**Q** 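Quick one: structure below, then a few questions.
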Amino acid sequence: MIDIRLLRDNPDAVRASQTARGEDTSVVDAALAAEARRRSSLADFESLRAEQKAMGKQVAQASGEEKAALIGRTKELADQVKAHQATANEAEAELDELLYRIPNIVEGAPAGGEDDFITLKTVGTPRDFAAEGLTPRDHLDLGEALGAIDTQRGAKVSGSRFYFLTGVGARLELALLNAAVDLATAAGFTPMITPTLVTPDTMRGTGFLGEHADEVYHLERDDLYLVGTSEVALAGYHGDEIIDLSAGPKRYAGWSACYRREAGSHGKDVRGIIRVHQFHKVEMFSYCRPEDAEAEHQRLLDWEEQMLAAVDLPYRVIDTAAGDLGTSAARKFDCEAWLPSQERYLELTSTSNCTTFQARRLNVRARTENGTQTVATLNGTLGTTRWLVAILENHQQADGSVRVPEGLRPYLGGLEVLEPVR
RNA sequence: GGAGACGUCGCAUAGUCUGGUCUAGUGCGCCACCCUGCUAAGGUGGUAACGGGGCAACCCGUUCGCGGGUUCAAAUCCCGCCGUCUCCGCCA
């Protein structure tokens with residue numbers, strides 16, 4: 001939720017943000033009008049309520065006929081109070097509904113849609129397979145030969161977009177995620193294993209029940225949602241709290257399964273484990289003061305790049321365009337690794353600066369010199385199942401084996417090469 | 001699944017039976033000042049959040065787990081929900 005004061009003081013900034021995202025600006029005026037209605041109706045209610053309370057005190061002290069007369073008068077007042085309270089509540093709900101439809105204010109992201117990103121840098125050079133006289137095999141070919149990935153049985157057991165990681169595949173994922181947890185721990189993050197089922201309030205607070213509600217699994221009988229990322233649980237972690245940021249940002253590294261319905265992506269990335277309904281992820285999450293958020297965003301990006309370096313992948317960093325930002329994000333950087341089999345870049349990490357947007361709805365504040373202040377939240381990826389795709393493809397060798405990147409070897413008992421089993 | 005107890009301003013607790021004197025008391029902690037040659041102890045005052053108004057001092061409203069209801073008036077009475085704990089049952 002955006003800051004109502006910003007809307008009031010500088011509606012043009014909100015309009016500009018909406019325009020950059022390619023979204024409707026009329027909601028801004030509607031929200032302004034609702035805010036004015038809320039304030040006036042609230043003022044009406046409050047003055048009546050004050051009067052009622054004052055008279056209540058007289059009633060308490062009076063007795064006999066005097067009391068009966070007073071009660072007669074206060075009855076009428078009580079009805080008025082009730083009516084005005086109802087009006088004020090309606091105005092409040094109306095404003096809330098409108099505010100909820102305004103995504104976070106864009107901060108520095110390029111305007112436009114999905115294709116209008118800016119490439120900030122490119123790191124490493126994609127292998128020249130042609131020069132090596134090789135046609136790169138895709139991750140599923142490799143994974144099946146290594147006995148690492150089984151999508152056939154995944155589909156048999158759970159349907160399309162499900163898979164088994166088997167043998168060395170399972171070990172490789174654990175190695176990657178453990179390396180991510182270790183990197184995060186060394187950087188001062190608190191490792192966390194989080195709930196993957198959350199309440200509607202938690203899900204709504206993180207902004208995932210807006211436009212992207214279709215992406216989220218919902219358990220009807222229990223009214224719980226399966227999270228698409230541990231960001232959800234970590235954002236809710238300090239919900240309704242006043243936290244202490246005097247010693248710097250609070251940083252958590254969440255390890256969890258993630259669930260996505262992938263509605264609307266039929267026919268896209270159907271092969272292998274690029275786009276699946278369930279995967280694992282280590283996610284960085286940071287609570288910090290709003291004035292520190294931009295610098296923290298850079299730090300998260302830096303840790304992501306350290307992780308990519310550890311698995312030795314060529315990648316580029318892009319500054320996502322406004323129209324491609326999530327509801328909660330003010331700015332987003334993605335790291336995309338080169339995918340040899342498709343000769344394109346594939347998103348491996350994504351770090352968002354949500355400024356105060358999530359924290360406002362979740363009611364997370366910090367104490368400052370002048371009272372409390374809504375904090376900023378940020379998140380970023382340190383490792384996911386999808387990384388295996390890029391690791392297998394980029395480190396494949398002519399004989400079908402796969403070189404284990406240096407950074408993962410300690411997590412695989414020193415194993416240097418994954419050998420085909422057939 | 002069954003039964004019971006509980007949920008109050010950072011923590012602990014009073015208040016709920018018997019609605020108005022609750023502007024929610026007290027202790028601890030914390031902050032400021034005072035006193036005391038150190039330390040300990042003591043004294044005085046302050047110490048929730050959110051919203052609205054005001055240059056400001058300050059004023060008003062909301063919040064006693066959440067949501068409804070009764071009433072002129074609800075921390076207090078009624079209903080529903082959530083959470084915590086204890087016991088029983090069932091299952092691993």
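A note on names: the letters A, B, ... follow the listed sequences, proteins ahead of strands, and every chain is numbered from 1. In this text, all values refer to a predicted model and were calculated from it rather than measured experimentally.
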**Q** OP1, OP2 of B:A73 versus side-chain N and O of A:Q52: anything below 4.0 Å?
**A** yes

**Q** What's the gap between B:U8 and B:A74 when it is taken at their C1' atoms, as a whole Å value?
**A** 14 Å

**Q** Hey, can you pull the donor-acceptor pairs under 3.5 Å for the side chains in residues 76-87 of chain A, sequence neighbours left out?
**A**
from	atom 1	to	atom 2	distance (Å)
A:H84	ND1	A:Q80	O	3.0
A:T87	OG1	A:A83	O	3.0

**Q** Expressed as a whole number of Å, how far does the C1' atom of B:C77 sit from that of B:U70?
**A** 8 Å

**Q** In Watson-Crick or G-U wobble terms, both distances under 3.5 Å, what is the partner of B:A48?
**A** B:U63

**Q** Under a 3.5 Å limit for both distances, which nucleotide forms a Watson-Crick or G-U wobble pair with B:C90, could you say?
**A** none

**Q** Between B:C59 and B:G68, how far is it from one P atom to the other, in whole Å?
**A** 30 Å

**Q** Distance-only criterion, 3.5 Å: show the donor-acceptor pairs between side-chain atoms of residues 321-331 of chain A and protein atoms not counting sequence neighbours.
**A**
from	atom 1	to	atom 2	distance (Å)
A:S328	OG	A:T206	O	2.9
A:R331	NE	A:D319	OD1	3.4
A:R331	NE	A:D319	OD2	3.4
A:R331	NH2	A:G108	O	3.4
A:R331	NH2	A:D319	OD2	2.6

**Q** Distance check, C1' atoms only: B:C79 and B:U18, in whole angstrom units.
**A** 22 Å

**Q** If the sugar-phosphate is the primed atoms plus P, OP1 and OP2 and the base is the rest, what is the B/S/- string for nucleotides 46-62 of chain B, using protein heavy atoms under 4.0 Å?
**A** ---SSBSS------SSS

**Q** Taking only residues at least two apart or on different chains, which pairs with a member in residues 346-355 of chain A satisfy salt bridge (Lys or Arg N to Asp or Glu O under 4.0 Å)?
**A** none

**Q** Among all residues two or more places apart in sequence or in another chain, which pass the salt bridge (charged side-chain N to carboxylate O under 4.0 Å, His left out) test with A:R299?
**A** A:E296

**Q** Can you confirm whether A:E305 is buried at CD, in the sense that more than 12 heavy atoms of other residues, nucleotides or ligands lie under 6.0 Å from that atom?
**A** yes

**Q** B:C17 and B:G7: how far apart are their P atoms, nearest whole angstrom?
**A** 14 Å

**Q** Can you sort out the partners of A:F333 under ring pair (Phe, Tyr, Trp, His ring centres under 6.0 Å), two or more places apart, ordered by chain and number?
**A** A:H297

